[in-house]
Amino acid sequence: MADRLAVVTGASTGLGYQLARLAAQDGHDLIICADEDEIHTAADKLRSLGAQVEATVVDLSSKAGVDTFWAAVDGRPVDLFCANAGRALGQAFADQDWPDVKRLIDLNILQTTTVLHRIGRQMHARGQGRILVTGSIVGYVPGPYDAVYDATKAYLNSLCYALQDEWEGSPVTLTCLMPGPTETPIFHREGNDLEDAPIAEQDKDDPVKVAERGYAAAMEGQRGVVPGLHNRAITALTGLVPETILARIHRMAAEPQ
Ligand SMILES: NC(=O)c1ccc[n+]([C@@H]2O[C@H](COP(=O)([O-])OP(=O)(O)OC[C@H]3O[C@@H](n4cnc5c(N)ncnc54)[C@H](OP(=O)(O)O)[C@@H]3O)[C@@H](O)[C@H]2O)c1
């Protein structure tokens, strides 16, 4: 049994799995969760790295799911928390079904903020801990054809930078990982109309490298990290280019064809 514990949400695939792998290789035991049974396959792979792994299937977009997940943590001191679970939706706002929009907001915003509040308090009471939140560079861009998703990421980016300021001088660190488009299943999930958008077929970043960059930044206590020079260039441009033009560029990538 390791003497450090990491909690990773959305660890079955993509960036969350890679973050959990890095935490296991770095000597953490793991509590991981996702919405589907594939989390158990991920848990088996992570156990083969020597970590003790507890895996839970929970729908974090529901209050019951968040409560079940929190009960699994069971008050144990968390050394690293990766707030990573998230979904995109795609399609025009007016064409999206409201339950899907609400679920997206409940998962990306409500759930992330709830668990961040609980684990953040616990870490402050204990006087140590590292948090890594998966935001996105799209948090800097108005996002036609995934408007609510981009807005949820703007919320998370903003929340992270605000909390970092409140926590200045605290031993608890919070890092916002803001990837650009990364090759994960998020673009091809059922009910996600991004599959028909140009972005689904474009070259994307390697999730292994993106997670490595985020994990290293969290361990160093950096406030924000945008992996990749091309993504840092885009982020810098967002401060100079009018929102109307940024929105049109996003539309070209996200509008279903
Ligand atoms: N890929 C990109 O281009 C990109 C760029 C910037 C930021 N991000 C962010 O990176 C994070 C990880 O996404 P990813 O790209 O790695 O995609 P992914 O492979 O689809 O991973 C999403 C993870 O979240 C879990 N999840 C989804 N809905 C859930 C729910 N209701 N309850 C519990 N778990 C749930 C999924 O588990 P199930 O399969 O069991 O549902 C999966 O483990 C997200 O926050 C995403 O917004 C991604």
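FYI, the numbering just counts along the sequence from 1. Counting starts at 1 for both ligands and their atoms, in listed order.
- The distance from ligand 1 to the heavy atoms of F187 drops below 4.0 Å at these ligand atoms: 1 (N), 3 (O).
- Here E36 has heavy atoms under 4.0 Å from ligand 1 in both its backbone and its side chain.
- In this structure, of V66, D37, N84, T134, the residue bringing a heavy atom nearest to atom 44 (C) of ligand 1 is N84.
- Nearest to atom 38 (P) of ligand 1 among the protein's heavy atoms is D35 N, 3.7 Å.
- No heavy atom of Q111 sits closer than 4.0 Å to any atom of ligand 1.
- Checked by atom type and distance alone, the side chain of T175 pairs as donor or acceptor with a backbone atom of Q222 at under 3.5 Å.
- Of the protein's non-hydrogen atoms, the one nearest atom 20 (O) of ligand 1 is R189 NE, 2.6 Å.
- Residue-to-ligand polar distances keep S136 apart from ligand 1: every N/O pair is separated by 3.5 Å or more.
- Taking the side chain as every heavy atom from C-beta outward, R251 and Y145 approach each other to under 4.5 Å.
- Side-chain contact check for Y215 versus L80: some heavy-atom pair is nearer than 4.5 Å.
- Under a 4.0 Å N-O distance rule, the pair D67/R118 qualifies as a salt bridge.
- There is a path of hydrophobic side-chain contacts, each under 4.5 Å, that joins V172 to L116.
- Taking atom 22 (C) of ligand 1 as the reference point, the nearest protein heavy-atom neighbour is G86 O, 3.7 Å.
- Ligand 1 has an N or O atom lying under 3.5 Å from an N or O atom of G10, backbone or side chain.
- For ligand 1, the polar-atom distance check finds an N/O of V58 within less than 3.5 Å of one of the ligand's N/O atoms.
- Here the protein heavy atom with the shortest distance to atom 46 (C) of ligand 1 is Y149 OH, 3.5 Å.
- Of all the heavy atoms of K153, the ones lying under 4.0 Å from any atom of ligand 1 belong exclusively to the side chain.
- Heavy atoms of V57 found under 4.0 angstrom from ligand 1: none, in either backbone or side chain.
- V225 is connected to L19 through a chain of hydrophobic side-chain contacts under 4.5 Å among Ile, Leu, Val, Met, Phe, Trp and Tyr, so both are in one cluster.
- Judged by distance alone, the side chains of Y155 and T113 do bring a donor and an acceptor atom under 3.5 Å apart.
- Contact check for P179 versus D205: no side-chain heavy atoms found under the 4.5 Å cut-off.
- Taking the side chain as every heavy atom from C-beta outward, M178 and N231 never approach each other to under 4.5 Å.
- Proximity of T13 to ligand 1, defined as any heavy-atom pair under 4.0 Å, is shared by backbone and side chain alike.
- The proximity of Y17 to ligand 1, defined as any non-hydrogen pair under 4.0 Å, does not occur for either the backbone or the side chain.
- Atom 43 (O) of ligand 1 has its closest protein heavy atom at S12 OG, 2.7 Å.
- In terms of N/O distances under 3.5 Å, ligand 1 is approached by L15.
- Neither the backbone nor the side chain of K204 comes within contact range of ligand 1; no heavy atom lies under 4.0 Å.
- Rounding to the nearest 0.5 angstrom, the gap separating the CG atom in D35 from the CG atom in L60 is 7.5 Å.
- Taking 4.0 Å as the cut-off, R103 counts as a neighbour of ligand 1 on heavy-atom distance.
- Side chains of V57 and H40 form a contact here, defined as non-hydrogen atoms less than 4.5 Å apart.
- Applying the 4.0 Å criterion to heavy atoms of A11 picks out, from ligand 1, the atoms 43 (O).
- Residue contact check for ligand 1: G65 places no non-hydrogen atom closer than 4.0 Å to it.
- Across G14, A211, G180, heavy-atom proximity to atom 5 (C) of ligand 1 is greatest for G180.
- With a 4.0 Å cut-off on non-hydrogen atoms, T184 touches ligand 1 through its side chain and not its backbone.
- Side-chain contact between T9 and F81 is present, with at least one heavy-atom pair separated by less than 4.5 Å.
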request  = Please test T134 against N84 for side chain to side chain donor-acceptor pair (under 3.5 Å), starting from the C-alpha separation and ending with a verdict.
outcome  = CA-CA 5 Å; T134 312; N84 170 79; 2.9 Å; yes
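- Checking H28 against D79 by side-chain atom types alone, no donor-acceptor pair falls below 3.5 Å.
- Hydrophobic clustering (side-chain heavy atoms under 4.5 Å, transitive across Ile, Leu, Val, Met, Phe, Trp, Tyr) groups L156 together with L163.
- Of the protein's non-hydrogen atoms, A85 CB, 4.3 Å is the one closest to atom 26 (N) of ligand 1.
- Among protein heavy atoms, the minimum distance from atom 13 (O) of ligand 1 is reached at I186 CD1, 4.0 Å.
- Using 4.0 Å as the threshold, G135 has a heavy atom nearer than that to some atom of ligand 1.
- At least one N/O-N/O distance between L60 and ligand 1 falls below 3.5 Å.
- Here D106 does not pair with R103 in a salt bridge; the nearest charged N to carboxylate O distance is not below 4.0 Å.
- Atom 3 (O) of ligand 1 has T182 N, 2.8 Å as its closest protein atom, hydrogens excluded (heavy atom only).
- The side-chain heavy atoms of V115 and V66, taken from C-beta on, include a pair separated by under 4.5 Å.
- The shortest side-chain heavy-atom distance between R21 and L49 falls under the 4.5 Å cut-off.
- Atom numbering of ligand 1 starts at 1 in the shown order; those under 4.0 Å from a heavy atom of R87 are 27 (C), 28 (N), 41 (O).
- Ligand 1 lies out of reach of E38, whose nearest heavy atom is not under 4.0 Å from it.
- No part of C33 comes within 4.0 Å of ligand 1, judged by heavy-atom distances.
- Listed by number with element, the atoms of ligand 1 under 4.0 Å from a non-hydrogen atom of D59 are 30 (C), 31 (N), 32 (N).
- Residue P181 has at least one heavy-atom neighbour below 4.0 Å for each of these atoms of ligand 1: 3 (O).
- Hydrophobic clustering, with ILVMFWY side chains joined whenever heavy atoms are under 4.5 angstrom apart, groups L107 together with V138.
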